[in-house]
Structure formats: C-alpha cells, structure tokens
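Take a look at the structure below.
Remember, predicted model here, so these are calculated numbers, not experimental data. Below, chains carry the letters A, B, ... as their sequence lines are ordered, and counting in each starts from 1.
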Amino acid sequence: MSGSPPAGRAPRVTPMSAAPTDPVSSLRRVITDAVAELGDGVAEPGLERPPRAELGDYSSNAAMLAAPVVRRAPRDVASDLAESVAARIGADVDSVEVAGPGFLNLHMTEAWMRAAAAEVVAAGGRFGSGVVDEPRKILVEFVSANPTGPITVASGRHAAYGDSLARLLAFAGHEVGREYYINDAGGQIRLFGESIAARIEGRGVPEGGYEGDYVAELGERIAAEGGAVDAEALAQRGVELMVDSIRATLERARVSFDRWSSERDLHESGAIDEAVEALRERGLVYESEDAIWLRTTDLGDDKDRVLVKADGEPTYFAPDIAYHRDKLQRGWDLLIDVWGADHHGYVARMAAAMAALGEPEGSFEVEIMQLVNLLEGGERARMSKRRGDFATLDDLIDDIGVDATRFFLVQRSHETPLDIDLELARKQSADNPVYYVQYAHARICSLFRAAAEDPDESGEPAPAGSLEPAERRLITTLLEYPGQVAHAARVREPHAIGGYARDVASDFHAFYRDCRVVGAEPGLQAARLEVCGAARVVIASCLELLGIEAPEEM
RNA sequence: GCCCCCGUAGCUCAGAUGGAUAGAGCGCCGGCCUUCUAAGCCGGAUGUCGCAGGUUCGAGUCCUGCCGGGGGCGCCA
C-alpha cells in the first residue's frame, strides 16, 4: 500500500473562530464580575441548574467559595452578592434569592427566556460551537485496524468514537485532522500473504494464520487478476483490497479520514532510520545483545524498549515513533491516539518516546477503548480477527441500520465495556433511544409544517404569564448546550452529547404535551414556534456530532 | 509482583473545580389518542453509592488501606 487515497466525505460541523456569547455565559460573567468585587483569590464560581425547578432557573455557589476568602459567613456574603447580581442583571431577572447553605438562586424573567430561545434560533448551527478557550491543532488517529481482515464491531466502536470525537473537537473550536495508520508491514502481513497463498493452493493456512472465508475470496479475486502470486505480492495486493473494503465499510458508517498513512512508506522513505537517528542524537539510544534500545526508563517507562531487533528488523515500536514524529512535523500540536484496551501496556512506552523526541507534556494523549459485546437473548459473541467467527461492522449495520449503530456505539463512555442489546437496537419504538431523539426532531418539523398552513402573523409579543413550566424547562435545557459541548470536548467524551440529546428530546416531548403551538392565541404561537425552532437547532446539532441523521418526518 | 480501569436501583449505566432530598433508561405495575406524529406522555415501587478509616461546614466525588471484577506487563502487532 503506497500513497494516500483521497479522503472520504462526511458531514462536517463548521468550526467557529471567535468565541460566541450565549445567554448562560453572559450570566456567568455577571456572577464572576460581582465576585471579583469582593476581592482576589476566589475560585471561579459555578453556575448550574438547581436540583428542583422551584429553586430557580440558575444557581451559583459563588458565596460559599468566597466566604472563607473574605472571612465571613456564607449566607452573609450571599445576601450581599444577591443584591449586586440582581442590580447587574437588571430587568432580566425576577429575583435573586439566598438559599440553603448560601446558594444564590436566580429566577429569570419570561422575557429573558423567550429572548434566549430566539438567540438560539438566530445562532442556528453555530449555537454551542467555538466554546474552547485555547484552540489547538489536534490530530486524531483512530481505528488503524490491521488491513488483514474486515472491520469488526470492536473497530466499529473505535470508528464511531473517533469520528464523533473529531467532530466534537472541531465544533468546540479546535483545528482537527483525522488519520488512519495502516499497519502494512511486518510479520502479520507476511503471514497474511502466506495465508492467501495457502488458500489459493488449497492448502491449510500456516500456524497462526488467517482463516476467515474472506481470505479465500481474496485469493480467488487476486488469482483472477493474474500476475505474480508469490506470498509477498499476494500480501501487498491483499492489503490493497482489504483497505479498499475497510474504507468502504467506514464510509458507510459515515466515518471518513483526511489521510491514510502507511507503515510501509515509513520503511521505504527512511523515516524510521531518521527517527532512530534523532533519538540517538539525544543520547537515549544504546546497543545491547545485538539489538538497538531506547532508554525509555529515563522517561517514565518501567523498562527499556527495543527499537531494532537483533536480526536487523525494526520492532513495531520504531515505525510507530517515526509515524508520530511525522505527525508532529506536519504541524499538529496535539496527537490523540485511540487504542484498544489490549494496547494499554503500550501507552507509557509511546509517551516516553514522545518525551524522547523532545515533545512537551500535553502533546500526546491516548484514549483507551474497551470492548463491545453483542447480546441477543443473553448470548455473547466473542470477536476474533484471526479466526473466522467475528462479527463485522457491516453485519451490525445490516442488522440495525447506520443510525442505531452509531448511536449505540457511542452510548457509553469509551473506557467502559459496552453491551449492545440487538433486540432493543432493532426495535423502532420509544424504547430505542435513537428513534426517541430522532422522533422529537421529526415532530418539531411536523409542527413547522402545520404552522405554515396556519401562520401566526399577528406580530404580537407573547402574552404575559404564558411561559409554561415545561417551556421554561426546555429552554433552560437548550441553553446548556454550549456548556455540554465544552465539557464533552474537554474530557473527550462524545457519549455525553448522546445523553444530553436524550434529555432535550424528553423535555421537548413534555413541552409538546403541555403547550399547544399551532392554534395558540396570536403572539403565543409565534413565540412557541421559536422555542420549537431552538429545540430543532440543538437536536440537529447533537445528531450531527454523532453522525446520525435528523429526519424531518418518520 | 508492578501498572491501568471498574464496583451507584432487579439489569445497563449518568453523576464536569467536593455542595441542596443521589439520577436516567430498560424491566415490572397502572393510566392517557374527536385537536399540532401514541416511534409520545403521566403515575407507582426499588439504594448501607463494594468495605473501613481520614480530610472538610459539607464526600458517590478527594486521600489511605482492604475486598471483589476486568485488562496490561514480548527482540508480537
């Protein structure tokens, strides 16, 4: 495999350069300013939703944080802050109350709520984006499954996670690249070629070789093409075909890459030798027992590691270092690698290598993925690429569809083992969270269609007292979105977006029950439609981050 | 032995710098369609947050030890 195939196309979320303002950020700023007046040294106050709606729309622990600094009782500080905050916000707040141990509870006005919904609609697809303080150039490397077999469900989880993470980081405001590293050199590839040769010749595959039916199919296909059939040529051609097939599967899953990097290229270009040389210049390389070692113990690893084996062949480690060096030389300042749990023991070594290359701490991260189990009536399927009995990502997509596949694969934190209940994933009902969220979106679109038939052209403002609790709750949840994005991006957890989307859908369905939209009195229909519009913006945005379609009707 | 992850409702899991009465889904029981999509909504039951200490005005969250589960510790990739 040489060269880089063109990147596939997937929907991208537009990154924003300037940090936008949003209603919640503005409130947060007011609190911060009020606290700053009390003196220095107070930690950044929190602004969150209180546990019960009666307590207010927003709650801050500012007074409790300030109390020890100014040496006064929390509730005492709180009452002063409450006055100051109320004055700063002005007409948008109904009241600022002191509650419990010293919380500041804010009750916002109806007008503020409705204006906030309008802001969301105005921001559209940009709402929630560009929330990161310090944008970085981040390269996410993920999947990178060996090109010796089809993409399994486990690799599919890497794909869904890595792709959503890349979308999320870009949306949050980082510059993001996505890359697949093809391990097209070394012993496994040799074995792969020998396995194909064996199948062509009708022999059994060699010890530890690849036995799946796809190997025989590859053999037939390559044999039909004619040309050389030695094991090395077979391996090369086999890898090419496998990579094509892997790319097709991933694109089907709406996962694309900006670049496919080849390990073989690193061998041929001399990049590996250069990397070893660079390490040698730093005095971290030595020879022992005919092998070449990297002194990783100086950099946090628990033993030194071999770069070049006694037989003169590089280990897997050496090209990996060369590859990471190349990524940095291409201008990325943070490399995020998504690895399987079985590579956990490799993290310290790679981090040591990065340090050996002189990279500052914080320029390399590894996200470790846990396994996926498919459940069907309690039965578990174990997945192994070496044998022929694995479950492929294509199989899963055929079974439950792309949307459900993507949603379920990022439903849990990537570092937690995942069980997928196929029966549930197949179900087209409210039990299935994918359809639950999509249905909310379709329902909103349906409302807009109905409203177009019966438009509210009164131009009146919404009547006073018309903001129902369910409506207030929905708007407040929608306004959380920028914070949700910032948090999910910071902790590299796109699954949080899925959970949040479900909350939005749930609040929307409750709103739908309590608040008549089409046919409401003049002024109110338009105002409520604005809330629906805001909900549609946020749900569509969440779904896009997850690579899931937002249907207009179902 | 060393390192990493995990232990929260019957099940699967959320719980962001420590904050108010620890949440959701599934499952179970019972209700709701002559009005905007019932792929929806509402109500009900269930917790020594693995155990024991410690720090704190306050601990599921932080610290220490222990118990239990998973994974990793190759001149394989």
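Looking at heavy-atom distances under 4.0 Å, Glu48(A) makes no contact with the nucleic acid at all. Across all strands shown, Ser59(A) has heavy atoms under 4.0 Å from base atoms, whether or not it also approaches the sugar-phosphate.
A distance of about 25 Å separates the P atoms of rG47(B) and rC41(B), rounded to the whole Å. For the C1' atoms, the distance from rC11(B) to rU34(B) is 41 Å, rounded to whole Å. Using C1' as the reference atom, rU8(B) and rU55(B) are 23 Å apart when rounded to the nearest Å. Comparing rU48(B) with rG60(B), their C1' atoms are spaced 13 Å from each other, to the whole Å. Here, rC73(B) and rC66(B) have their P atoms 24 Å apart, quoted to the whole Å. Using C1' as the reference atom, rG43(B) and rU35(B) are 24 Å apart when rounded to the nearest Å. Only the C1' atoms considered, rU17(B) is 11 Å distant from rU61(B), to the nearest whole Å. Annotation: rC5(B) and rA14(B) have their P atoms spaced 15 Å apart (nearest Å).
Classification of Asp184(A) and Arg264(A) as a salt-bridged pair fails, no side-chain N sitting under 4.0 Å from a carboxylate O.
Between Arg412(A) and rU12(B) there is no side-chain polar atom (N or O) within less than 4.0 angstrom of OP1 or OP2. Taking 4.0 angstrom as the limit, Tyr436(A) places a side-chain polar atom (N or O) nearer than this to OP1 or OP2 of rC41(B).
Contact check for Ile336(A) versus Glu367(A): side-chain heavy atoms found under the 4.5 Å cut-off.
Sequence order on RNA chain B of the closest nucleotides to Val518(A) and Ala99(A) puts Ala99(A) first from the 5' end. Taking for each of Lys303(A) and Ala440(A) the nucleotide of RNA chain B with the nearest heavy atom, the 5'-most of the two is the partner of Ala440(A).
Taking only distance into account, the side chain of Asn61(A) never meets the base of rA20(B) through a donor-acceptor pair shorter than 3.5 Å.
Each of rA39(B), rU35(B), rG71(B) was ranked by its minimum atom distance to the side chain of His344(A); first place goes to rG71(B).
In this structure, rG43(B) forms a base pair with rC29(B), meeting either the Watson-Crick or the G-U wobble geometry with both donor-acceptor distances under 3.5 Å.
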